[in-house]
Amino acid sequence: MKSSGSSFYDRIYRLVGMIPPGRVATYGQIARLAGRCSPRNVGYAMSSVPPDSPVPWHRVINSRGRISVRSDGEPCDAQRQMLRSEGIEFGPGGTVDLSVFGWRGPAGEVSNDEQW
DNA sequence: CTTTTGACGCGTA
DNA sequence: CTACGCGCCAAAA
């Protein structure tokens, strides 16, 4: 398979890449699944996500169900549109109902066929 | 090698 | 509901 072993970043990308459409995961969620309980690293990893990475980073938002903002200080409008396109609805203020669109985790995706 | 930063999480006020 | 501070780990300079 692949000479992975890049770093724990690769783990983040993989977890994010397994998020099903119409679902959103939080940084803390990814951080926990990644094995490291540092939500900051997840955000940092996302920001470090190269444009050639097949990682739907737009499906990763903060625990409050809000879209994160970049260093620019303004959230990516495109991200909100993409999530909206996937069937995710935003409440007043741009909040997402994690109780409905919150990703249950790899347990709800792994079909025993997905290998790491 | 050390230091700074970084798309966060959570508790408390 | 919002605002502030602390904690966390890793990568980049």
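Values below: every heavy atom of this structure, side chains too, minus hydrogens, waters and symmetry copies.
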Original post:
Nearest 0.5 Å, what's the OH-OG distance between A:Y13 and A:S48?
Top reply: 5.5 Å
Original post:
Is a side-chain donor or acceptor of A:Q79 paired with a backbone partner of A:H58 at a separation under 3.5 angstrom?
Top reply: yes
**OP:** Grab the CG-P distance between A:N62 and C:dT2 for me, whole Å please.
**Re:** 12 Å
**OP:** Determine yes or no for a side-chain-to-main-chain donor-acceptor pair under 3.5 angstrom, with A:R59 supplying the side chain and A:I19 the backbone.
**Re:** yes
Listing, residues 22-30 of chain A side-chain donor-acceptor contacts under 3.5 Å, not counting sequence neighbours, or none:
from: A:T26; atom 1: OG1; to: A:Q29; atom 2: N; distance (Å): 3.1
from: A:Y27; atom 1: OH; to: A:S68; atom 2: OG; distance (Å): 3.1

Original post:
OP1, OP2 of B:dG9 versus side-chain N and O of A:R66: anything below 4.0 Å?
Top reply: no
Protein N or O to nucleotides 10-13 of chain B N or O, pairs below 3.5 Å:
from: B:dC10; atom 1: N4; to: A:R64; atom 2: NH2; distance (Å): 3.4

**OP:** Round to the nearest Å and state the distance from A:F8 atom CZ to C:dA12 atom P.
**Re:** 11 Å
Distances under 3.5 Å between protein N/O atoms and the N/O atoms of nucleotides 4-7 of chain B, please, pair by pair.
from: B:dA7; atom 1: OP1; to: A:S71; atom 2: OG; distance (Å): 2.7
from: B:dA7; atom 1: O4'; to: A:V69; atom 2: O; distance (Å): 2.9
from: B:dA7; atom 1: N7; to: A:S47; atom 2: N; distance (Å): 3.2
from: B:dA7; atom 1: N3; to: A:Y27; atom 2: OH; distance (Å): 3.3

Original post:
Does A:V60 share a hydrophobic cluster with A:I88, counting links as ILVMFWY side-chain heavy atoms below 4.5 Å and allowing steps through other members?
Top reply: no
Original post:
Of all heavy-atom pairs between A:M46 and A:V55, which one has the smallest distance, and what is that distance?
Top reply: CE-CG1, 4.3 Å
Original post:
Considering only side-chain heavy atoms of A:S38, which listed nucleotide, C:dG7, C:dC9, C:dA10, is closest?
Top reply: C:dC9
Subject >> A:N62 side chain vs A:G65 backbone, donor-acceptor pair below 3.5 Å >> reply: yes
**OP:** Applying side-chain contact (heavy atoms from CB on, under 4.5 Å), run through A:E89 and A:F101 and close with a yes or a no.
**Re:** CA-CA 9 Å; A:E89 297 178 61; A:F101 304 104; 4.3 Å; yes
